Amino acid sequence: MPIDIPFRREFSFEYGRLEPVTPGLRRIVARNPSPFTFQGTGTYVIGSGEVAVIDPGPDLSEHVEALLAGLPGERVTHILITHTHRDHSPAAAALKSATGAATYGYGPHAGGQRGEPGAEEGGDWDFVPDVTVRDGESIVGKGWRFEAVHTPGHTSNHLCFALADSGILFSGDHVMGWSTSVISPPDGDMTAYMASLDKLLGRPDAVYWPTHGPAITEPQAHVRAFVAHRRERETAILDCLAADVGHIDAIVERLYIGLQPGLRRAAGRSVQAHLIDLVGRGIVTSDSPPTLEARYRLLRP
Ligand SMILES: [Zn+2]
C-alpha cells in the first residue's frame, strides 16, 4: 500500500511583508515560487533588537529591501545559511553589505568542488561563510542560541538549526511539509539523506520550520513517513531491476505516473540517487559508472 505522507500545504502569508509567525519568530517570503520552492523562500528572523536571519534567499533585491524595511531600528547581527542552493544563500551578500553581519554556514557549495555542468545548476558557487559551523556547535546572539545539526543529503553542506529552549528546529530543505526533498547527485546523496532523517528521529525537537511552506507540528510522524516513502521507492526500483528494467528513463516512466514534464529531470536524479545508494550497499551493480545513462542490474537476482 502506498505510504501516505501527511503533507502540509496550508500556507498564509503576504509577499514582501515581514510577519510574526510564532512568539520570537518572524518570516518574510520571497517572490520566487516554482515547482521546487513552493510559494517561495521563507526567510526567518529570530529575536528582537539584535536579530539573526536564516536563509536570506535568492538574489532578488526587492526581497532584501523588504526584509530590511521590516526591521526599522533593529540590527541584523548574524546571517545563518542552511545550504548553498540559489534560492537560499545568494542574498547573504547584499544583506551582509547592508548590515555588516557575519555569515554562518557549513562551507561552500559541494566543498567548492564544481561538479559536472548541468548537474549543479541549482548551486550557489559564490557563497563562502565567514564562520564555518560544524555539527553540534553553538551560534549565540542576544537572547537566543542555536545548535547546528549537520544533515547532509539534499546537499553535502546542509545544516538544520535548533533554537535552544524553544523546541524549534529550522529544517531548511532537509524536511519540508509541502513536498519531499530533491536528492540530486553528485552533491545530493541518498545514503547521507537517510542517515540524516534517522538523526532527526533521535532528537527531541517539537516543531520544524522549513525554508519553504508551513511549520511541521508533528515532526516525528512526518520524518517517519519520509523514511517509509523512500524505502517504498527503493523497493519499487528493485522490482524494476528484477523485471529487467535497468535504465533510469524507463524506471521513471514506470514509477512516476502522471509526472509533470518539468519534473522528469529531478525524478531521474532521485532514482539515480537511490541506485548509487544501492550500488554502495552491494545490492545493485551498473555496467559503467552509475550515471543517468548507465544500465543497472541486481547483483543477486
Ligand atoms: Zn535546496
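These numbers were taken from a predicted model, which means no experiment stands behind them. Start at 1 and go down the list; that is how both ligands and their atoms are numbered. Just so it is clear, the values below take in all heavy atoms, side chains as well, and ignore hydrogens, waters and symmetry mates.
- Using modelled atom types, one finds a donor on one side chain and an acceptor on the other under 3.5 Å when comparing T211 with D55.
- When hydrophobic residues (I, L, V, M, F, W, Y) are linked wherever their side-chain heavy atoms come within less than 4.5 Å, I257 remains an isolated member.
- Side chains of N32 and T37: a donor-acceptor N/O pair is absent below 3.5 angstrom, by distance only.
- Between the side chains of D173 and H83, at least one donor N or O lies within less than 3.5 Å of an accepting N or O.
- Taking the side chain as every heavy atom from C-beta outward, H212 and T41 approach each other to under 4.5 Å.
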Would you check, one step at a time, whether the test side-chain contact (heavy atoms from CB on, under 4.5 Å) holds for V223 with I216? CA-CA 10 Å; V223 172; I216 303 165; over 6 Å; no
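- Counting only protein atoms, the N, O or S atoms lying less than 2.8 Å from the Zn ion (ligand 1) are H83 NE2, H85 ND1, H154 NE2, D173 OD2, ordered by chain and residue number.
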